[in-house]
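Reviewing the structure listed below.
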Protein chains: 2
Amino acid sequence: MPSPLDPIGPPSVETAAGRATMKDVADRVGVSRQLVSLVLRDLPGASPTTRQRVREAASELGYYPDTSARTLRGRRSFQLGVVFTMHEPFEVDLVEALLTEAAERGYSLVLGPLTAARPERLVVPQLMGQRIEGLIVLAADGGSSSVSDLPERIPIVQLGGPRSKGPVDDVRVDDEAGIALLVDHLVSLGHTAIAHATGGSGPNARARVEAYEAAMRRSGLLPDVVESAYTEEAGSHAAEVLLTRSELPTAVLAANDRCASGVLLTLVSRGVAVPADISVVGFDDSSVARLPFVQLTTVRHDPVRLASEALDSITARIEDPTRPTVAHRDAPSLVVRRSSGPARAGGASA
Amino acid sequence: MPSPLDPIGPPSVETAAGRATMKDVADRVGVSRQLVSLVLRDLPGASPTTRQRVREAASELGYYPDTSARTLRGRRSFQLGVVFTMHEPFEVDLVEALLTEAAERGYSLVLGPLTAARPERLVVPQLMGQRIEGLIVLAADGGSSSVSDLPERIPIVQLGGPRSKGPVDDVRVDDEAGIALLVDHLVSLGHTAIAHATGGSGPNARARVEAYEAAMRRSGLLPDVVESAYTEEAGSHAAEVLLTRSELPTAVLAANDRCASGVLLTLVSRGVAVPADISVVGFDDSSVARLPFVQLTTVRHDPVRLASEALDSITARIEDPTRPTVAHRDAPSLVVRRSSGPARAGGASA
DNA sequence: AACACAAACTAGCACGTGCTAGCACCCGCG
DNA sequence: CGCGGGTGCTAGCACGTGCTAGTTTGTGTT
């Protein structure tokens, strides 16, 4: 247990028991605390000589400015909360892009990773307590397609993930355009039997199914929907289901890259040649798509562009809370790799 | 840009312009601020009726206790910093375990993910500014095997990752025991030509190579080291290198699961049967090892146990900074899946 | 009726910093 | 010699909460 050994009287001048404070730095140099404050914030009003000495003293004492005191006193916190999942590679990419982009705009992020033991119900209040000026939501509990209850009175941006109840700003990939790119790509390669392994009940899964069906009908083709989910396991299972058919489709469009890699690698390990026997395409251009033994044709979304757009949205709303909500749909681009090729001529049996 | 439109006079009584404060809650109920403080911290000294009314008022006003003010005033912060990488799946598992275990001990974590744009040099000072009482280090810049400079005068625990200069507490898997488990497993299956795909310059890679060599010699076998790294790409490349040989080894021991999956899936996609032609084993039992088309025999380390051990270490050092440093080596366990089997009789050519 | 005592509640300082205001000094000018 | 104005620096309050030390209220006991 922590012992109450802290000194009774005022801490000694040279080195207090606890961490060094601005006062300690000031005393060491022989100036006022305020001057140290100016120097460390790079504000004008201190001579070059003093600046130098203050910096040295701060470094010698191992001084780190106290963020708590800073945010408490400052008018603004310049902090944004982020709700996400560390298990989803593309979300990780987005968060890293957000970190960089936020720093460039003078904001810092408070990360609120969702976990089995830390659902939204616990994470969001914790973020709210940190004086965040806005909330960027990437994920919902259990990969659900909608978030439960978000605080009011604070700017919120949905980034790529689930939908929320109320009308909030919303930045995401244009699912419809992306799916259309993939279907058209496959059609141009002569494919007509194109199956879709869905994202199940995950975010945007429904929209992608509908986009797939629309694109197929536009090309005069019959939709072929196979229930799946946004994971490798689910993709693997979908492949197994396809393999029980008397005839395989000539192409599979999976709801995301993880699912696609599950489909592809399961087919390959069953001796089905990709893309000779069957083409497999994904969605996201996550790191898995670039693996040498995957080489997935997919649709790329730029995390940096998405992050930038999300930050523009939220900073704009912070400055003008009354502005109308916007829905930004980022145009994705097709990335052709080795997992797609011309449709096989005859029908190969499973 | 932020406009200085904040109200000049004191904010209105009912609903201030900014966020609700404890005072606002107190005014609404008609009690003192201190009493609200007691209620919200679940301390004794308030009647059940008052508790109820305070809780209701707080909820109605959307009140969230200000962490900054709390940390600033409180004697202790009960916060621990964590330096890690979001791209390494096992680190993510560890961080999630740390979040849970820390909460159970009354601590909260301040996450400091490393990024290309946010190296240790920037992340560590930012954590230090948050009043952390200790630092848990999982990763180093660029997957390097040692951390550069860590702050003094603060308890530090290395968890599974790189080594640091000074003598600090150190919790990690027993590499030697884990590698020995794998080699012995393969030997018992009749393997004699066992290659090792290394972790390159990554954390613990050197220790694993040495453990491999020692285990091989102990069984009277000749070590066969293939340079690689802790990634799927590197594993894939190592497999390509092996395939150029006139004869494949009968088993490959990869430095971690990511590398192993690269080896395995590349071999499979080249038509080599696993485990009929060659066995592949990994290290970590990360999520990839469980994928249906991978089914990797590997060595499991329990993230929860490691996290728990790390937290025990750091909390002990916080309470007694003079205690001697400890090096905890967690005993791993063998997980046999379908990627390993009896050694093939003859020598299959590549 | 006076007292002790716990329960319920309140008063005021302190945490480390940012912010506004102001002071002391030096310089050049009239 | 006084006056204006910039430069370098300091004084003191405020942020929202936790902590210590009270003060009032209610209840039972002598």
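Side chains included, hydrogens not; waters and symmetry mates left out as well; all remaining heavy atoms used. Reminder, nothing fancy here: chain letters follow the sequence lines and each chain counts from 1.
Applying the 3.5 Å distance criterion, the base of D:dG18 shares no donor-acceptor pair with the side chain of B:Arg76. If you check distances only, the side chain of B:Gln34 never reaches the base of D:dG22 with a donor-acceptor pair under 3.5 Å.
Of the possible polar contacts, none joining the B:Ser59 side chain to the B:Arg55 backbone as a donor-acceptor pair under 3.5 Å is found. Side chain of A:Ser308 to backbone of A:Val304: no donor-acceptor contact under 3.5 angstrom is found.
Sequence order on DNA chain D of the closest nucleotides to B:Tyr64 and A:Gly45 puts A:Gly45 first from the 5' end. Taking for each of B:Arg131 and B:Val31 the nucleotide of DNA chain C with the nearest heavy atom, the 5'-most of the two is the partner of B:Val31. When each of A:Leu72 and B:Pro48 is assigned the nucleotide of DNA chain C bearing its nearest heavy atom, the one mapping closer to the 5' terminus is B:Pro48.
As rounded to whole Å, 7 Å separates atom C1' of C:dG16 from atom CZ of A:Arg33. As a whole-Å value, the separation of A:Asp66 CG from C:dA14 P is 18 Å. The nearest whole Å value for the distance from the CZ atom in B:Arg73 to the C1' atom in C:dC15 is 6 Å. Taking atom CG on A:Leu35 and atom C1' on C:dG16, their separation rounds to 17 Å, with Å as the unit. Distance CG (A:Leu43) to C1' (D:dG8): 14 Å, rounded to an integer number of Å. Here D:dC13 presents its C1' atom at 12 Å from CZ of A:Arg75, a figure rounded to the nearest Å. In this structure, the CG atom of B:Leu38 is 13 Å from the C1' atom of C:dA11, given to the nearest Å. Computed from coordinates, the A:Lys23 NZ to C:dC15 P distance equals 11 Å when rounded to whole Å.
Not one side-chain nitrogen or oxygen of B:Ser47 sits closer than 4.0 Å to the OP1 or OP2 atom of C:dA7. The side chain of B:Arg41 places an N or O atom within less than 4.0 Å of a non-bridging phosphate oxygen (OP1 or OP2) of D:dG18. Side-chain N/O atoms of B:Thr21 include one lying less than 4.0 angstrom from OP1 or OP2 on D:dT17. Listed pair A:Ser37 / C:dG18 meets the phosphate criterion, a side-chain N or O lying under 4.0 Å from OP1 or OP2. Note on B:Thr50: a side-chain N or O is less than 4.0 Å away from OP1 or OP2 of C:dC9.
Heavy atoms of B:Pro44 sit nowhere under 4.0 angstrom from any nucleic acid atom.
Checked by atom type, the side-chain pair B:Ser37/B:Arg33 shows no donor-acceptor distance below 3.5 Å. Inspection of the B:Ser68 and A:Thr71 side chains reveals an N or O donor paired with an N or O acceptor under 3.5 Å.
The cationic atom of B:Arg76 (NZ for Lys, CZ for Arg) lies less than 6.0 Å from the six-membered ring centre of B:Phe78 and within 45° of the ring axis.
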